Engineer: 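Handing you this structure, nothing more for now.
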Amino acid sequence: MRAFEVFRAQNRSQALALLGEHAPHAAVLAGGTDLLVEVKHGMRAPRVLVDITPVGELGVIELTAQGLSIGALATHSAIMRSALVREHCPALVEAAHTIGAVQTRNLGTLGGNLVTAVPSLDSGPAPLALDAFASIAAPDGMREVAIADFFLAPRRTVLRTGELLCALVIPSASLGKPTAFLKFGLRKGQALALVNVAASLRIAHGVMCEARIGLGAVAPTLIRALDAERILDAQPPSEALFAEAGRIAADEARPITDFRASAAYRRELIRVLTQRALALALARAGGKR
Amino acid sequence: MSEITLVVNGEQRALSVAAETTLLELLRAQCNLTGAKLGCDVGDCGACTVIVDGEAVNACLMLAVQADGRNVVTIEGLAGRARLHPLQEAFEACGSLQCGFCGPGMILSAKALLDAAPDPSAAEIRDALAGNLCRCTGYTKLIEAVQAAGETIRAAATGPRRAAGQE
Ligand SMILES: Cc1cc2nc3c(=O)[nH]c(=O)nc-3n(C[C@H](O)[C@H](O)[C@H](O)COP(=O)(O)OP(=O)(O)OC[C@H]3O[C@@H](n4cnc5c(N)ncnc54)[C@H](O)[C@@H]3O)c2cc1C
Ligand code: FES
Ligand code: FES
C-alpha cells in the first residue's frame with residue numbers, strides 16, 4: 001500500500017480537529033472496507049487517515065427525542081444484533097444482512113456505506129423510504145440533511161471537506177412503519193445489488209398513505225419513485241395497483257448497462273421487486289392493524 | 001512507526017508498526033504466524049480471516065494500528081497441547097479440505113459462529129462461511145464438518161453437567 005500517516009481520534013472534537021489540520025489530504029477511516037480497498041487499488045491516495053474507530057460515541061444506537069439514532073460507526077453486524085433496530089426498523093436489519101459477508105459486516109459501518117455513496121449501496125433505500133436524515137458535524141457546529149438530499153452523484157455526498165457523518169436518524173414518525181427491503185444480486189452472498197428497493201406504507205381507513213419507494217443501483221444516485229408513490233395515495237391496496245406502481249417505477253429509473261446486467265434487465269427487476277416490496281410492506285401493515 | 005500492544009493467541013505482544021501495515025502483514029511478517037493467508041487482499045476471499053475481540057474479520061482490511069489493545073485469535077491459537085480443536089478434528093475426519101489454502105480462514109469463521117451459536121442450522125453455517133471462498137471442495141464437506149464439530153462441542157458442554165446429575 002502507498003504510504004500514509006494514521007492518526008487515531010479519541011473523540012469527536014479531536015477527529016474534527018485532525019481533519020481540519022490535515023485538509024485536504026486527509027480521509028476518515030472507519031471500517032476500511034471501502035477506503036483501504038480504494039487505496040490498495042490506487043484509486044485514492046490520502047496522505048493522512050483519521051481513524052475514528054476509537055470514538056465510541058459515534059457507534060451508539062439509541063432512541064432520542066428525534067427518533068432512532070444509529071451512530072455512523074455502527075457496523076452492519078451491530079445493526080443486525082441491535083434490539084432497538086430490530087424492533088423499530090427491521091428493514092434496516094434486512095438490508096444490513098445482505099451486505100458482503102460476516103467478516104465485512106463486522107468491520108464495515110453504516111456511515112462508511114453511506115459516505116462511499118456508490119449507487120448500489122444497500123444501506124440507502126430503507127432510510128430513504130423512512131424519511132431518515134443524516135446528522136453531520138462540521139467544524140462550526142452540527143447540521144442535518146435529509147437522506148433524500150444526501151447523495152449528489154456516484155461517490156459524492158453533501159459532506160464537505162472536514163465534516164464528519166455522526167448518525168443516521170430515523171424520525172419518530174417513521175418508527176414501526178411497515179417497510180420491506182429486497183435486493184437482487186447475481187449470487188446470494190458477497191454480491192453487489194443489481195437493483196435494491198425499500199417500500200413503506202401505512203393503511204388508514206382501508207386506504208394507503210405515506211407510501212415511499214426507495215431504489216438503489218438504478219440511477220447515478222439513490223432515487224425515490226415519486227410517480228409510483230403518488231398513484232398509491234388514498235387508494236385501497238391491490239395487486240393490480242402494485243403491478244402498475246412497479247411499471248411506473250421502472251419508467252422513472254435510469255438504469256445503466258454494465259458487466260453485471262443490461263439496462264433492460266434492470267428495468268424488469270425494478271418492476272418486479274417494487275411490486276413485491278409493496279406487497280410485503282402491505283402484509284406487514286396487516287400484521288400491525 | 002507506532003507502538004502497539006495486543007494479545008495474539010493469549011500472548012501479550014508489544015510491536016512497532018508502520019501506518020500502512022495491515023493486521024495480516026503484522027501477523028505473517030512480524031509475528032511469524034503464517035496461518036492466515038494472503039489471497040485477494042481486498043476482502044473478497046476470506047483466506048485472511050482472523051478473530052478480533054470475538055468477531056471474524058478480514059485481516060487484510062484492518063490496519064495493524066487498529067488492532068492496538070485488542071485480542072486476536074489465529075489458526076495457530078486453536079489447538080491445545082494434547083489435542084486439536086474439535087473443528088480441526090472434524091475438518092480432518094470429514095475430509096473437508098483439499099489444497100487447504102482456505103482452511104485457516106474457513107475454520108476461524110466457523111469458530112466465531114460456534115462460539116456465538118453452538119447449534120447452528122445449515123443455513124446459518126452457509127451464511128457464516130459465505131465470505132470464505134474455496135476453489136477445491138464444493139463446500140458440502142465443510143458444512144458437514146462444522147455440524148459435526150458443533151455436536152462435539154455441545155456434547156462436551158453438557159457432559160460434565162450430566163455427570164454431576166448422576167452423582
Ligand atoms: C468483500 C466486500 C463486499 C461488500 N459488499 C457490499 C454489499 O453487498 N453492499 C454494500 O452496500 N456494500 C458492500 N461493500 C462495501 C463496504 O463494505 C461498505 O460500504 C461499508 O459499509 C463501508 O464502511 P467502512 O466503515 O468500511 O468504511 P471505510 O472504508 O472506512 O470508509 C468509506 C468512506 O467513507 C468515509 N467515511 C467513513 N465513515 C465516515 C464518517 N463517519 N464521516 C465521514 N466520512 C466517513 C471514508 O473517508 C471513506 O471515504 C463490500 C465491501 C467488501 C470489501
Ligand atoms: S486476503 Fe483478505 S479477504 Fe482475501
Ligand atoms: S481446499 Fe483448496 S481452496 Fe479450499
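No experiment lies behind these values; they were computed from the predicted model shown. Reminder, nothing fancy here: chain letters follow the sequence lines and each chain counts from 1.
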Engineer: Identify which part of A:L49 has an atom lying under 4.5 Å from any heavy atom of chain B, answering side chain, backbone, both or neither.
Structural biologist: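 Contact with chain B: side chain only.
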Engineer: Table up the donor-acceptor pairs between chain A and chain B that sit under 3.5 Å, atom names plus distance.
Structural biologist:
| from | atom 1 | to | atom 2 | distance (Å) |
| --- | --- | --- | --- | --- |
| A:R8 | NH1 | B:V65 | O | 3.2 |
| A:A30 | O | B:Q66 | NE2 | 3.3 |
| A:K40 | NZ | B:D41 | O | 2.9 |
| A:K40 | NZ | B:D41 | OD1 | 2.7 |
| A:K40 | NZ | B:C60 | O | 2.6 |
| A:D51 | OD1 | B:Q66 | NE2 | 3.2 |
| A:R81 | NH1 | B:E55 | OE2 | 3.0 |
| A:R81 | NH2 | B:E55 | OE2 | 3.3 |
| A:H97 | NE2 | B:D127 | OD1 | 3.2 |
| A:H97 | NE2 | B:D127 | OD2 | 3.0 |
| A:Q103 | NE2 | B:T49 | OG1 | 2.9 |
| A:Q103 | NE2 | B:S109 | OG | 3.3 |
| A:Q103 | NE2 | B:N132 | OD1 | 3.0 |
| A:R105 | NH2 | B:D127 | OD2 | 3.4 |
| A:N106 | ND2 | B:A56 | O | 2.7 |
| A:Q190 | NE2 | B:D44 | O | 2.9 |

Engineer: Tell me, do B:L113 and A:V102 make a side-chain contact under 4.5 Å, heavy atoms counted?
Structural biologist: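 They are not in contact (no side-chain heavy atoms under 4.5 Å apart), so the answer is no.
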Engineer: Using the test side-chain hydrogen bond (donor to acceptor under 3.5 Å, both in side chains), find all partners of A:S13 that sit at least two apart in sequence or belong to another chain.
Structural biologist: A:N11
Engineer: At a 4.5 Å cut-off on heavy atoms, which part of A:A191 comes close to chain B: side chain, backbone, both, or neither?
Structural biologist: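 No part of it gets close to chain B.
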Engineer: Nearest heavy-atom pair of A:A101 and B:A130: which atoms, and what distance?
Structural biologist: CB-C, 3.9 Å
Engineer: Where is the tightest heavy-atom contact between B:A19 and A:V6, given as atom of each residue plus distance?
Structural biologist: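 For B:A19 versus A:V6, the nearest heavy atoms are CB-CG2, 3.7 Å.
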